[in-house]
Amino acid sequence: SVKHHYDENFILNKIENKNENKSTTSRKFKEDILRIFGNGYKDKTILELGCHQGNTTRIYSECFGKVIAVERDKNNIEKTKEICQDVSNVEFINIDVYDKNFELPNADVVHIDAGHTHELVTYDIDRCITQLNNPIFIFDDYGHEGRTVRDAINDKLDEGKIQLSVYIGEDRGYVAANNKTFIGRE
(Lines give C-alpha, C1' and ligand atoms only; values in the text may rest on other atoms or scores of the structure.)
Protein backbone atom coordinates (compact mmCIF):
# COMPACT_ATOMS: atom_id res chain seq x y z
CA SER A 1 0.00 0.00 0.00
CA VAL A 2 1.08 3.54 -0.65
CA LYS A 3 1.06 6.04 2.20
CA HIS A 4 0.07 9.50 1.00
CA HIS A 5 1.89 12.32 2.71
CA TYR A 6 -0.47 14.98 4.00
CA ASP A 7 1.12 18.38 4.38
CA GLU A 8 -0.88 20.03 7.14
CA ASN A 9 0.87 23.32 6.44
CA PHE A 10 -0.26 23.46 2.82
CA ILE A 11 -2.75 26.31 2.82
CA LEU A 12 -5.46 24.46 0.88
CA ASN A 13 -5.55 21.82 3.60
CA LYS A 14 -6.08 24.36 6.38
CA ILE A 15 -9.25 26.08 5.18
CA GLU A 16 -12.85 25.19 4.44
CA ASN A 17 -14.18 24.57 0.95
CA LYS A 18 -17.64 24.66 -0.60
CA ASN A 19 -18.25 20.94 0.02
CA GLU A 20 -17.99 21.70 3.78
CA ASN A 21 -19.37 25.25 3.88
CA LYS A 22 -21.79 26.41 1.16
CA SER A 23 -20.80 30.04 1.73
CA THR A 24 -17.18 29.71 0.65
CA THR A 25 -15.56 28.78 -2.66
CA SER A 26 -14.64 25.27 -3.76
CA ARG A 27 -11.17 23.79 -3.45
CA LYS A 28 -10.90 23.89 -7.26
CA PHE A 29 -11.77 27.63 -7.22
CA LYS A 30 -8.95 28.20 -4.72
CA GLU A 31 -6.52 26.01 -6.71
CA ASP A 32 -7.38 28.00 -9.85
CA ILE A 33 -6.73 31.29 -7.99
CA LEU A 34 -3.31 30.02 -6.88
CA ARG A 35 -2.52 28.82 -10.43
CA ILE A 36 -3.68 32.01 -12.20
CA PHE A 37 -2.58 34.65 -9.68
CA GLY A 38 0.27 32.80 -7.94
CA ASN A 39 2.99 34.56 -9.91
CA GLY A 40 3.27 38.17 -11.00
CA TYR A 41 0.63 39.72 -8.74
CA LYS A 42 2.64 40.40 -5.57
CA ASP A 43 2.70 44.10 -6.46
CA LYS A 44 -1.11 44.18 -6.91
CA THR A 45 -4.03 44.81 -4.56
CA ILE A 46 -7.19 42.72 -4.51
CA LEU A 47 -10.45 44.04 -3.10
CA GLU A 48 -12.73 41.30 -1.81
CA LEU A 49 -16.29 42.61 -1.62
CA GLY A 50 -17.84 40.10 0.78
CA CYS A 51 -15.11 37.98 2.35
CA HIS A 52 -17.47 35.85 4.49
CA GLN A 53 -15.18 33.93 6.89
CA GLY A 54 -11.87 34.39 5.10
CA ASN A 55 -11.24 31.01 3.49
CA THR A 56 -10.69 32.56 0.05
CA THR A 57 -9.16 35.69 1.62
CA ARG A 58 -6.35 33.54 2.99
CA ILE A 59 -5.65 32.19 -0.52
CA TYR A 60 -5.59 35.73 -1.90
CA SER A 61 -2.98 36.66 0.72
CA GLU A 62 -0.63 34.14 -0.94
CA CYS A 63 -1.01 35.76 -4.36
CA PHE A 64 -1.35 39.51 -3.85
CA GLY A 65 0.74 42.14 -2.11
CA LYS A 66 -2.34 43.52 -0.39
CA VAL A 67 -5.79 42.09 0.27
CA ILE A 68 -8.66 44.36 1.32
CA ALA A 69 -11.35 42.14 2.85
CA VAL A 70 -14.74 43.82 3.21
CA GLU A 71 -17.51 42.13 5.19
CA ARG A 72 -20.64 43.43 6.93
CA ASP A 73 -20.98 40.61 9.47
CA LYS A 74 -18.84 41.26 12.57
CA ASN A 75 -18.58 37.54 13.44
CA ASN A 76 -17.39 36.76 9.92
CA ILE A 77 -14.74 39.49 10.11
CA GLU A 78 -13.48 38.00 13.39
CA LYS A 79 -13.31 34.54 11.79
CA THR A 80 -11.46 36.03 8.78
CA LYS A 81 -8.92 37.67 11.13
CA GLU A 82 -8.40 34.28 12.79
CA ILE A 83 -7.84 32.47 9.48
CA CYS A 84 -5.47 35.22 8.31
CA GLN A 85 -3.56 35.64 11.59
CA ASP A 86 -0.37 34.15 10.08
CA VAL A 87 -0.19 36.78 7.30
CA SER A 88 0.25 40.55 7.49
CA ASN A 89 -0.99 41.74 4.10
CA VAL A 90 -4.75 41.69 4.78
CA GLU A 91 -6.70 44.82 5.67
CA PHE A 92 -10.13 44.21 7.21
CA ILE A 93 -13.10 46.54 6.71
CA ASN A 94 -16.25 45.74 8.66
CA ILE A 95 -19.00 47.53 6.69
CA ASP A 96 -21.83 46.70 4.34
CA VAL A 97 -20.51 47.38 0.82
CA TYR A 98 -23.89 48.95 0.01
CA ASP A 99 -23.69 51.42 2.92
CA LYS A 100 -23.59 54.99 1.54
CA ASN A 101 -20.52 55.64 3.74
CA PHE A 102 -18.49 52.88 2.09
CA GLU A 103 -15.95 54.29 -0.33
CA LEU A 104 -14.43 51.84 -2.76
CA PRO A 105 -10.71 51.41 -1.97
CA ASN A 106 -8.37 51.41 -4.96
CA ALA A 107 -7.55 47.93 -6.26
CA ASP A 108 -6.22 46.13 -9.34
CA VAL A 109 -8.41 43.04 -8.90
CA VAL A 110 -11.91 42.80 -7.42
CA HIS A 111 -13.67 39.68 -6.17
CA ILE A 112 -17.38 40.51 -6.25
CA ASP A 113 -19.16 38.30 -3.74
CA ALA A 114 -21.37 40.52 -1.56
CA GLY A 115 -24.98 40.81 -2.73
CA HIS A 116 -26.22 37.96 -4.89
CA THR A 117 -29.22 39.56 -6.59
CA HIS A 118 -29.04 40.63 -10.22
CA GLU A 119 -29.40 44.28 -9.16
CA LEU A 120 -26.64 44.21 -6.53
CA VAL A 121 -24.12 42.37 -8.72
CA THR A 122 -24.85 44.81 -11.56
CA TYR A 123 -24.33 47.71 -9.14
CA ASP A 124 -21.01 46.21 -7.93
CA ILE A 125 -19.70 45.72 -11.47
CA ASP A 126 -20.75 49.20 -12.64
CA ARG A 127 -19.32 50.86 -9.54
CA CYS A 128 -15.96 49.13 -9.95
CA ILE A 129 -15.79 49.90 -13.70
CA THR A 130 -16.52 53.57 -12.99
CA GLN A 131 -14.28 54.07 -9.95
CA LEU A 132 -11.32 51.76 -10.60
CA ASN A 133 -8.74 51.71 -13.37
CA ASN A 134 -9.69 48.72 -15.56
CA PRO A 135 -9.81 46.12 -12.76
CA ILE A 136 -9.69 42.37 -13.23
CA PHE A 137 -12.90 40.84 -11.88
CA ILE A 138 -13.31 37.53 -10.10
CA PHE A 139 -16.82 36.23 -9.61
CA ASP A 140 -18.14 33.40 -7.48
CA ASP A 141 -21.61 31.81 -7.54
CA TYR A 142 -21.99 32.08 -11.32
CA GLY A 143 -23.58 28.61 -11.36
CA HIS A 144 -26.49 29.46 -9.06
CA GLU A 145 -30.05 29.09 -10.26
CA GLY A 146 -32.29 32.09 -10.85
CA ARG A 147 -31.73 35.61 -12.20
CA THR A 148 -28.71 36.39 -10.07
CA VAL A 149 -24.95 36.53 -10.52
CA ARG A 150 -24.76 34.77 -13.90
CA ASP A 151 -27.32 37.05 -15.53
CA ALA A 152 -25.66 40.22 -14.20
CA ILE A 153 -22.29 39.05 -15.56
CA ASN A 154 -23.77 37.96 -18.89
CA ASP A 155 -25.52 41.34 -19.26
CA LYS A 156 -22.17 43.14 -18.77
CA LEU A 157 -20.48 40.76 -21.24
CA ASP A 158 -23.23 41.45 -23.79
CA GLU A 159 -22.84 45.22 -23.26
CA GLY A 160 -19.09 44.92 -23.82
CA LYS A 161 -18.40 46.37 -20.34
CA ILE A 162 -16.35 43.33 -19.30
CA GLN A 163 -14.57 40.52 -21.16
CA LEU A 164 -14.42 36.89 -20.14
CA SER A 165 -10.89 35.63 -19.70
CA VAL A 166 -11.25 32.22 -18.06
CA TYR A 167 -13.71 30.16 -16.06
CA ILE A 168 -12.51 29.05 -12.65
CA GLY A 169 -13.82 26.72 -9.99
CA GLU A 170 -16.13 23.76 -10.24
CA ASP A 171 -18.11 22.86 -13.31
CA ARG A 172 -21.83 22.52 -13.92
CA GLY A 173 -23.27 19.67 -11.82
CA TYR A 174 -21.12 20.31 -8.73
CA VAL A 175 -23.07 19.77 -5.51
CA ALA A 176 -22.33 22.20 -2.65
CA ALA A 177 -22.63 21.51 1.11
CA ASN A 178 -26.27 22.65 1.03
CA ASN A 179 -27.04 19.94 -1.58
CA LYS A 180 -27.69 22.54 -4.29
CA THR A 181 -26.36 21.64 -7.72
CA PHE A 182 -24.64 24.19 -9.96
CA ILE A 183 -26.47 24.78 -13.23
CA GLY A 184 -23.36 26.50 -14.62
CA ARG A 185 -19.71 27.08 -13.72
CA GLU A 186 -18.84 28.18 -10.18
Side-chain angles (χ1 to χ4, degrees), residues 4-39 41 44 46-64 67-73 75-77 79-87 90 97 107 109-118 120-121 124-125 128 135-154 156-157 162 164-186:
H4 292 284
H5 295 282
Y6 182 80
D7 179 5
E8 65 182 30
N9 293 318
F10 187 62
I11 190 59
L12 287 169
N13 295 328
K14 294 169 73 172
I15 54 181
E16 285 186 320
N17 295 301
K18 200 168 207 73
N19 62 332
E20 304 157 309
N21 178 342
K22 73 168 184 69
S23 297
T24 188
T25 55
S26 70
R27 182 180 177 103
K28 182 169 183 341
F29 186 99
K30 293 175 179 80
E31 288 170 349
D32 289 345
I33 292 296
L34 287 169
R35 179 177 50 80
I36 294 165
F37 296 101
N39 290 310
Y41 287 84
K44 305 285 185 212
I46 184 168
L47 171 62
E48 192 179 13
L49 296 178
C51 70
H52 189 245
Q53 296 182 346
N55 291 294
T56 311
T57 311
R58 183 60 187 80
I59 296 299
Y60 287 143
S61 73
E62 295 291 314
C63 302
F64 296 93
V67 181
I68 304 170
V70 185
E71 173 61 42
R72 69 178 177 200
D73 184 294
N75 293 330
N76 283 347
I77 276 283
K79 180 80 172 151
T80 302
K81 287 178 179 176
E82 233 173 84
I83 286 174
C84 295
Q85 67 186 346
D86 63 326
V87 292
V90 181
V97 303
V109 180
V110 183
H111 180 164
I112 292 182
D113 197 14
H116 286 74
T117 65
H118 180 270
L120 291 177
V121 176
D124 288 337
I125 296 169
C128 291
I136 295 170
F137 288 104
I138 299 171
F139 298 100
D140 182 25
D141 303 318
Y142 182 80
H144 286 197
E145 288 184 288
R147 183 168 163 75
T148 58
V149 178
R150 183 179 56 259
D151 287 330
I153 294 167
N154 288 341
K156 293 300 163 191
L157 287 167
I162 59 174
L164 175 63
S165 176
V166 65
Y167 286 101
I168 60 174
E170 290 292 345
D171 213 336
R172 182 173 190 245
Y174 178 80
V175 180
N178 60 352
N179 284 326
K180 292 205 173 179
T181 303
F182 287 0
I183 62 165
R185 293 297 303 253
E186 184 172 4

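In what follows, residues are counted from 1 in the order of the sequence shown.
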### Task
Carefully, step by step, assess Asp32 and Arg35 under the rule side chain to side chain contact (heavy atoms under 4.5 Å, CB included).
CA-CA 5 Å; Asp32 289 345; Arg35 179 177 50 80; 3.2 Å; yes
## Note on the structure
When rounded to the nearest 0.5 Å, the distance separating CG of Leu49 from CG of Leu120 is 11.5 Å
### Message
Do Ile59 and Thr25 make a side-chain contact, defined as non-hydrogen atoms from C-beta onward lying under 4.5 Å apart?
### Response
no
### Query
Sequence neighbours excluded, which residues qualify as ring-ring contact (aromatic ring centres under 6.0 Å, His included) partners of Phe37?
Tyr41, Phe64
All N/O donor-acceptor pairs, side-chain side in residues 175-186, below 3.5 Å, sequence neighbours left out:
unit_1: Asn178; atom_1: OD1; unit_2: Lys180; atom_2: N; d: 3.1
unit_1: Arg185; atom_1: NE; unit_2: Glu170; atom_2: O; d: 3.3
unit_1: Arg185; atom_1: NH2; unit_2: Gly169; atom_2: O; d: 2.9
unit_1: Glu186; atom_1: OE1; unit_2: Ser26; atom_2: OG; d: 2.5
unit_1: Glu186; atom_1: OE1; unit_2: Glu170; atom_2: N; d: 2.9
unit_1: Glu186; atom_1: OE2; unit_2: Ser26; atom_2: N; d: 2.9

### Query
How many angstroms lie between atom SG of Cys51 and atom NZ of Lys79, to the nearest 0.5 angstrom?
12.5 Å
### Task
Decide side chain to side chain contact (heavy atoms under 4.5 Å, CB included) for Lys30 and Thr56; before the verdict, give the C-alpha distance in whole Å, the side-chain angles of both, and the deciding distance to 0.1 Å.
CA-CA 7 Å; Lys30 293 175 179 80; Thr56 311; 3.9 Å; yes
#### Entry: Step-by-step side chain to side chain contact (heavy atoms under 4.5 Å, CB included) determination, Asp141 to Asp113
CA-CA 8 Å; Asp141 303 318; Asp113 197 14; 3.0 Å; yes
### Message
Just so I know, are the side chains of Val67 and Thr57 near enough to count as touching, which here means a heavy-atom distance under 4.5 Å?
### Response
yes
### Task
Using a strict 4.0 Å threshold on nitrogen-to-oxygen distance, state whether Asp171 and Lys28 make a salt bridge.
no
### Query
With distance as the sole test, does Arg58 use its side chain to make a donor-acceptor pair with the main-chain N or O of Cys84 at under 3.5 Å?
no
### Task
Show the numbers, then the answer: is there a side chain to side chain contact (heavy atoms under 4.5 Å, CB included) between Asn76 and Gln53?
CA-CA 5 Å; Asn76 283 347; Gln53 296 182 346; 3.1 Å; yes
